[in-house]
Q: 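This structure is in structure tokens; I'll ask about it shortly.
Below, read A as the first sequence line, B as the second, and so on, with proteins coming before strands; counting in each chain starts at 1.
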Amino acid sequence: MNRLKQDAFQSKKERFVPYIMSSDPSYEASIDIALTLEEAGVDAIEWGVPFSDPLADGPVIQEAGDRARKAGGGLRRAVEGAKEARAKGLTVPLVLFTYINPVLSVGFKEVIELMEDADMDGILIPDLPFEESEELRALCNEKGISLISLVAPSSKNRMEKISRLGDGFIYYVTSLGVTGTRESFAEELSESIQKLRDVASVPVLAGFGISTREHVQHFQSIADGVIVGSALVRFISEREDTLLQANREKPLQEIKSFIEELCS
Amino acid sequence: MNRLKQDAFQSKKERFVPYIMSSDPSYEASIDIALTLEEAGVDAIEWGVPFSDPLADGPVIQEAGDRARKAGGGLRRAVEGAKEARAKGLTVPLVLFTYINPVLSVGFKEVIELMEDADMDGILIPDLPFEESEELRALCNEKGISLISLVAPSSKNRMEKISRLGDGFIYYVTSLGVTGTRESFAEELSESIQKLRDVASVPVLAGFGISTREHVQHFQSIADGVIVGSALVRFISEREDTLLQANREKPLQEIKSFIEELCS
Amino acid sequence: GRFGDFGGKYVPETLMYALEELEEAYKEAQQDESFKQALIKELYEYSGRPTAMTYAERLSEHYGGAQIYLKREDLNHTGAHKINNALAQGLLAMRMGKKQIIAETGAGQHGVASATVAARFGLSCKVFMGAEDIRRQELNVFRMRLLGAEVIEVQSGGKTLKDATNEAIRHWVANVEDTFYLIGSAVGPHPYPMMVRDFQSVIGEESIAQMKRMIGRLPDEVVACVGGGSNAIGMFHPFINYDDVALTGIEAAGKGVDTTEHAATLTRGRKGVLHGSLSYLLQDENGNITEPYSISAGLDYPGIGPEHAHLRDIKRVNYESVTDDEAMKALKDLCELEGILPAIETAHALAYVERHAKTMSKDDVLLVCLSGRGDKDVMTIQETLEADKG
Amino acid sequence: GRFGDFGGKYVPETLMYALEELEEAYKEAQQDESFKQALIKELYEYSGRPTAMTYAERLSEHYGGAQIYLKREDLNHTGAHKINNALAQGLLAMRMGKKQIIAETGAGQHGVASATVAARFGLSCKVFMGAEDIRRQELNVFRMRLLGAEVIEVQSGGKTLKDATNEAIRHWVANVEDTFYLIGSAVGPHPYPMMVRDFQSVIGEESIAQMKRMIGRLPDEVVACVGGGSNAIGMFHPFINYDDVALTGIEAAGKGVDTTEHAATLTRGRKGVLHGSLSYLLQDENGNITEPYSISAGLDYPGIGPEHAHLRDIKRVNYESVTDDEAMKALKDLCELEGILPAIETAHALAYVERHAKTMSKDDVLLVCLSGRGDKDVMTIQETLEADKG
């Protein structure tokens with residue numbers, strides 16, 4: 001059963017959802033990181049699929065993808081890792097974050113079946129706007145997997161249409177540009193997010209560029225939660241060497257502290 | 001009185017006329033060379049004016065011109081040298097060999113007056129075809145100076161017109177191309193030269209590329225004489241250093257022997 | 001926004017509104033006589049259209065078959081067909097009130113065309129270009145800078161056209177409100193492939209009129225090189241409904257389609273999404289885009305315009321491929337026999353002509369889109385010829 | 001064979017018959033409709049004529065006076081007006097049964113045009129070029145070689161255009177029977193200056209028609225750069241009898257006409273003979289030709305076409321000069337304001353426009369002959385801009 005739709009997630013306040021790249025820096029390490037994030041108390045995890053041309057991502061996540069691809073990462077391998085994480089006791093909702101081409105390459109039907117088998121809860125495809133999503137959405141609905149929608153400040157009159165299709169949660173892109181940490185956010189965001197929350201029947205999570213405790217607190221106050229990607233991925237990349245060792249207790253502990261600090 | 005028109009030149013057989021560049025390698029040396037050539041028994045001398053763009057000349061005479069210009073040579077200086085050579089006893093006919101631009105630069109009238117004053121006998125301008133020569137020809141006639149005409153194998157039907165204007169001698173260009181030594185000459189030359197001799201009232205001298213005793217003998221047999229330029233100028237250039245010394249007896253003696261050898 | 005299965009708008013939500021706005025503006029412009037007139041004025045009075053149609057008598061004799069005609073897009077201002085589209089999109093950008101344009105470029109021809117249009121219309125211009133292409137197309141890089149454009153060197157991936165396009169899209173995402181993305185080929189999300197096709201169709205339209213005037217009929221076959229495919233689609237589109245006219249697109253086979261170094265998307269690709277549209281793609285089993293290779297910076301692209309994918313699938317256009325070596329040989333032939341130095345891109349179409357003309361009759365007519373001139377390529381040509389010598 | 005006092009045939013006797021033969025052949029060709037048709041065909045269907053007439057709106061605004069129009073000879077095949085004459089003389093060479101052509105070149109534009117024509121018509125081609133110009137115009141040298149021409153490096157004198165011309169004439173003297181000398185500017189012995197003028201007059205003729213169509217009248221002033229003077233004479237000649245049209249030729253002042261480094265023949269020269277005709281010349285008191293200097297290889301010539309000398313003396317054309325620095329500034333202006341990279345030669349005319357347009361009224365029209373494109377000059381431009389930086 002889709003954990004995103006369960007009350008635990010839907011009725012939670014101040015949701016905190018981190019993004020990590022599967023197979024970064026290794027298949028096993030990324031699973032351990034996921035388990036550590038759960039220990040740190042996150043509300044769900046975005047589980048990235050490495051891709052050669054991630055055009056919605058900034059350099060931090062691009063490089064994570066390059067590391068993951070070198071480590072043998074890919075869409076099938078990412079779902080396999082999710083399944084293994086579940087087997088190791090991961091219980092938070094898991095959202096597969098992937099570009100559309102790897103999904104097309106494997107095939108829509110097979111991807112959704114693999115995800116169901118791995119007990120994953122949602123899929124988020126930044127380059128699949130709702131106009132192009134009909135076929136995949138139908139398959140997701142059939143298997144009870146949430147196809148996460150994105151809304152951006154530039155969505156303008158598209159916001160309502162998108163919010164109607166909201167499933168699991170809606171990812172609100174807090175700034176123009178690609179993923180990456182940013183210093184400041186536009187004032188009008190608050191208003192725009194509130195407007196979206198008014199029409200959406202699912203939580204609205206804010207993401208893109210959220211990197212400090214202050215950002216987190218700010219967006220927790222105006223949205224239904226936050227997504228943190230690049231800041232965490234960079235923190236992981238700085239621990240690549242130790243994470244690749246057999247005993248990765250220390251860096252995992254640091255990641256846990258990093259998350260606790262962000263959420264505190 | 002124009003020596004080219006005197007019987008000594010007009011009725012001579014197997015005329016030998018060398019070309020040298022005035023002021024090459026120095027003003028004084030070139031005068032001494034002229035006097036030496038007379039001692040060697042030449043029948044007239046072509047006295048070259050250095051020019052920046054000698055487009056009828058090959059590299060040997062171009063370089064002689066460059067040396068002469070560095071040594072202060074030019075049209076006025078060449079005529080001055082001729083005058084000095086006469087003062088030192090030079091008696092053979094002297095023909096000024098110059099491109100048209102230096103003549104234009106000084107002025108037609110002044111050039112011819114200077115030449116008359118220097119007791120020179122003819123002027124030869126390779127880039128002044130008869131069509132462009134009317135004004136200068138009139139001035140020459142007035143002062144009794146021969147304006148030497150050239151005929152080339154490519155002159156074709158122009159040959160007769162040119163021969164009618166022949167004055168002093170006619171310079172028959174023995175090969176296409178610029179001045180310089182050559183290995184062989186076209187067979188048809190003999191016929192062409194004979195045709196010219198039939199219509200010309202002055203001697204026909206062959207020039208361009210005559211460099212060996214064999215060439216000289218060959219052209220002496222089919223023409224009324226030969227002109228030797230590049231071969232002699234090269235011989236002089238090889239003695240530049242010794243000719244620039246105060247005592248230039250040795251190189252002058254060598255030049256004399258070179259000419260005697262060519263004519264023997 | 002589809003050509004059969006192909007095309008679409010696969011872009012981040014951030015760009016979707018901008019694409020809708022663009023589509024709207026394009027539709028309005030198409031209806032607006034003053035826009036059409038302004039475009040015609042620039043094409044004719046600035047870029048020098050109509051471009052000539054040249055009968056290549058010595059080349060035809062040498063290849064020994066069909067009579068070869070060349071549609072001379074190399075005679076356009078800036079030396080290639082790219083300016084047709086750049087002028088049109090530039091006018092559209094002005095109409096939409098955008099003050100900044102961005103562009104990606106491979107061979108540099110589209111970059112030069114964009115920089116040119118920006119200068120002509122007084123817009124600011126950033127051109128994204130792979131570091132490898134910057135090396136290969138030094139002349140064009142300098143031209144862009146002289147024209148006042150900022151050339152942004154892209155270090156990611158294979159450092160060629162694909163990577164430049166990624167970076168251009170990223171920049172657009174971050175600056176979508178005031179920036180017009182001037183896409184140079186018949187690729188990208190809807191409405192770009194359609195728009196670029198329409199703006200390049202002047203090539204085929206003029207060709208039809210010129211062929212009728214010169215030979216009293218249409219050619220038997222029309223050939224164009226295909227990277228993204230804008231010169232080809234512009235040439236082919238007006239001929240599509242003339243069933244008697246065979247259409248052939250030529251891809252870059254690099255060192256051979258059986259090697260890993262080629263850019264033969266239709267020959268070796270699978271369906272996929274790159275740069276916003278569904279088409280054929282060179283990709284691995286994980287759906288990662290593989291690095292293409294071609295001696296020609298303009299064909300060194302792992303995708304192809306979606307309309308070409310469709311035209312291939314419905315068999316209206318035949319696509320073949322030509323290697324680096326074949327292209328360079330054809331380039332020399334055209335230089336020595338007709339006095340025309342073509343772009344290496346274009347030389348791919350000519351290499352097919354060398355292979356194919358002799359199979360046709362002397363009464364047949366083969367029309368080639370001479371998409372650009374080769375001045376920009378002299379460094380590459382020089383390097384190649386010297387490498388051949390030993 | 002004279003323009004007033006100027007012109008004539010000051011060449012070695014060896015060449016005189018060939019010149020007579022050429023004059024005869026040219027007269028016959030002029031009467032022959034089939035020659036005219038063949039030439040028109042090549043000009044229109046090969047070189048892309050008519051070239052565009054471009055209104056330079058932003059440049060006009062920037063310079064703040066006359067409305068500036070550009071006659072776009074840069075859009076010709078090979079990138080300059082030189083091809084007009086090269087095609088015509090090439091056809092004449094074929095008509096005369098010559099199989100070999102030779103040419104001199106400075107900027108390389110005429111060399112490229114000659115090599116192009118030789119390739120197109122199947123003639124062999126030797127191009128004489130000064131070693132210094134070979135260095136400055138690397139791109140064009142490579143283009144000539146690709147086109148199958150032999151480029152002969154000239155080491156004499158200043159190693160520029162004058163010296164290349166000397167060597168070409170020497171070669172012609174030695175091979176006059178089977179060689180056609182394709183002179184690229186309005187210089188040389190009769191009939192060349194007349195022939196080149198006639199063959200280039202298409203520039204002015206088209207301009208008159210285009211101006212009438214675009215502004216309903218003739219321009220107030222026409223400007224062209226002058227080295228040997230072929231683009232200028234081709235532009236001016238059809239305007240000569242329109243007394244209301246001011247004509248201005250721009251010479252290269254290099255580092256200044258008061259220095260020794262310039263090529264301002266009419267400003268600083270005296271009457272003299274160079275390369276077969278009487279005109280103005282830069283020369284010393286001995287009548288030796290002095291080495292000219294200009295940043296532009298195409299204007300770096302100590303002489304000028306004899307008809308220009310005549311037009312100056314009768315005051316029909318006004319000649320002024322422009323320095324290297326002024327030309328480079330104007331070149332950048334045209335790039336940045338109109339998206340056109342002109343040849344450095346052409347930039348001299350533009351620099352005069354910068355100086356002069358603001359003295360004219362906004363109702364006045366200034367027509368500039370944009371004689372060639374600047375792609376060939378990027379190395380020189382790059383070096384200059386870098387030197388300026390420090």
Q: Less than 4.5 Å to any heavy atom of chain C: does that hold for the side chain of A:Leu150, its backbone, both, or neither?
A: both
Q: Among A:Pro102, A:Pro50, A:Pro129, which residue forms the greatest number of heavy-atom pairs with chain C at distances under 4.5 Å?
A: A:Pro129
Q: Show your working on salt bridge (charged side-chain N to carboxylate O under 4.0 Å, His left out) between C:Glu132 and C:Lys159 and close with a plain yes or no.
A: CA-CA 5 Å; C:Glu132 170 63 14; C:Lys159 304 175 186 181; over 6 Å; no
Q: Just give me the residue among C:Leu274, C:Asn286, C:Asn166, C:Val11 that pairs up with chain A most often, heavy atom to heavy atom, under 4.5 Å.
A: C:Val11
Q: Do A:Asp198 and A:Lys195 meet the salt-bridge criterion of a basic N to acidic O distance under 4.0 Å?
A: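 No.
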Q: Side chain, backbone, both or neither: which part of A:Ile125 has an atom under 4.5 Å from a heavy atom of chain C?
A: neither
Q: Does any heavy atom of chain C fall under 4.5 Å from the side chain of A:Arg77, the backbone, both, or neither of them?
A: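 When you check distances to chain C, no heavy atom of A:Arg77 falls under 4.5 Å.
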Q: Do A:Arg158 and A:Glu131 pass the salt bridge (charged side-chain N to carboxylate O under 4.0 Å, His left out) test, and can you show the C-alpha distance, the side-chain angles, and the key distance before you say yes or no?
A: CA-CA 11 Å; A:Arg158 301 170 48 81; A:Glu131 286 88 342; 2.6 Å; yes
Q: With a 4.5 angstrom heavy-atom cut-off, which part of A:Val151 approaches chain C: side chain, backbone, both or neither?
A: backbone
Q: Side chain from CB out, backbone as N, CA, C, O: work out which of these in C:Glu291 comes under 4.5 Å of a heavy atom of chain A, or both, or neither.
A: neither
Q: Can you tell me if C:Ser185 uses its side chain to pair, donor with acceptor, with the backbone of C:Gly229 under 3.5 Å?
A: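 Confirmed, C:Ser185 side chain pairs with C:Gly229 backbone.
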Q: Establish, for the pair C:Arg312 and C:Tyr280, whether the NZ or CZ atom is under 6.0 angstrom from the six-membered ring centre and no further than 45 degrees off its axis.
A: yes
Q: Examine whether an atom of A:Pro126 lies under 4.5 Å from a heavy atom of chain C, and if so say whether it belongs to the side chain, the backbone or both; otherwise answer neither.
A: backbone
Q: Contact part of C:Ser156 toward chain A, heavy-atom cut-off under 4.5 Å: side chain, backbone, both or neither?
A: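 Interface part for C:Ser156: side chain.
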Q: Is it the case that atom NZ in A:Lys161 sees more than 12 heavy atoms from other parts of the structure closer than 6.0 Å?
A: yes
Q: If you measure from the Lys or Arg side-chain nitrogens to the Asp or Glu carboxylate oxygens, is any gap between A:Lys156 and C:Glu177 under 4.0 Å?
A: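 A salt bridge links A:Lys156 with C:Glu177.
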